[in-house]
Amino acid sequence: FILYLLVGGWNTLFGMGIYALLYRLFGHRVHYLVLLIPANVLAITNAFLGYKLIVFRTRGNIAREYIRCYVVYGIMMVLGAGLLFVCVEHLKFNPVYANAFCVLVTTVVSYFSHKHFSFR
C-alpha cells in the first residue's frame, strides 16, 4: 500500500506537470479543457506503468490490464465528482475539506480496484 501511495503521489505530480506544460505550450491555441485529454492519457499511462512494474508486479496481459486501468480511473473520476457534490451541496462541507476527503476515499477504492481488477 505504501508503494501504491508513492507511485500515486508521483503520478499526481506528473499529471499536474504535464498539464501545466501542455497549457504553457498550447493554451493560447487550444481550449484548456481539451488539453486535459492528452494530459490524462499520459498520466494514466504513467500510473499504469508504475503500478504494473513497481506496486503490483504482475505478469498478466498488458493490453487487458491497461484497459482495466482506464476503467478504474474513469469510475474513480465519476465517484469523486459525485461524492464531492454530495459533500458540498448536501452535507455543506467546505469544498477544500470535501475534496481532501474525496481524494482519500477514491485512493482507497482505487487501490483495491487496481489490486483486484486491473492487476489481478
Using a 6.0 Å cut-off, check whether atom CZ of F1 has over 12 heavy atoms from anything other than its own residue. yes
Whether over 12 other heavy atoms sit under 6.0 Å from F112 CZ: no
Please give me the minimum heavy-atom distance between [X] and [Y], naming the atom from each residue.
X	Y	answer
V72	S110	CG1-OG, 4.1 Å
A43	G15	CB-CA, 3.9 Å
P38	L22	CG-CD1, 3.9 Å
L3	I54	CD1-O, 3.7 Å

Is there a path from [X] to [Y] through hydrophobic residues (I, L, V, M, F, W, Y) whose side chains come within less than 4.5 Å of each other?
X	Y	value
L21	V41	no
L49	Y51	yes
Y111	V78	no
V71	M77	no
I37	L33	no

Does L104 have any side chain to side chain contact (heavy atoms under 4.5 Å, CB included) partners at least two apart in sequence or in another chain, and if so, which? none
Among residues at least two apart in sequence or on other chains, which ones pass side chain to side chain contact (heavy atoms under 4.5 Å, CB included) with H28? none
Determine which pairs satisfy ring pair (Phe, Tyr, Trp, His ring centres under 6.0 Å) with at least one residue from residues 61-96, sequence neighbours left out, and list them in order. F48-Y66, Y66-Y70, Y73-H114, F85-H90
Could you tell me if the side chain of L83 sits less than 4.5 Å from the side chain of F101, heavy atoms only? yes
Any heavy-atom pair between the side chains of T107 and Y4 that's under 4.5 Å? yes
Pair F14-I18, side chain to side chain contact (heavy atoms under 4.5 Å, CB included): steps then yes or no: CA-CA 6 Å; F14 178 84; I18 288 295; 3.7 Å; yes
Could you walk me through whether F119 and V55 satisfy the side chain to side chain contact (heavy atoms under 4.5 Å, CB included) test, starting with their C-alpha distance in whole Å, then the side-chain angles of each, then the deciding distance to 0.1 Å, before giving a yes or no? CA-CA 10 Å; F119 302 101; V55 178; over 6 Å; no
Partner residues of Y19 under the side-chain hydrogen bond (donor to acceptor under 3.5 Å, both in side chains) criterion, sequence neighbours left out: none
All pairs passing salt bridge (Lys or Arg N to Asp or Glu O under 4.0 Å) where residues 30-52 contributes a residue, at least two apart: K52-E65
Shared-cluster residues of L13, by chain and number - hydrophobic side chains joined below 4.5 Å: M16
Hey, what do you get for OG1 (T58) to CZ (R64), rounding to the nearest 0.5 Å? 11.0 Å
Starting from the C-alpha separation in whole Å, work towards a yes-or-no answer on side chain to side chain contact (heavy atoms under 4.5 Å, CB included) for W10 and N46. CA-CA 9 Å; W10 156 249; N46 180 69; 3.1 Å; yes
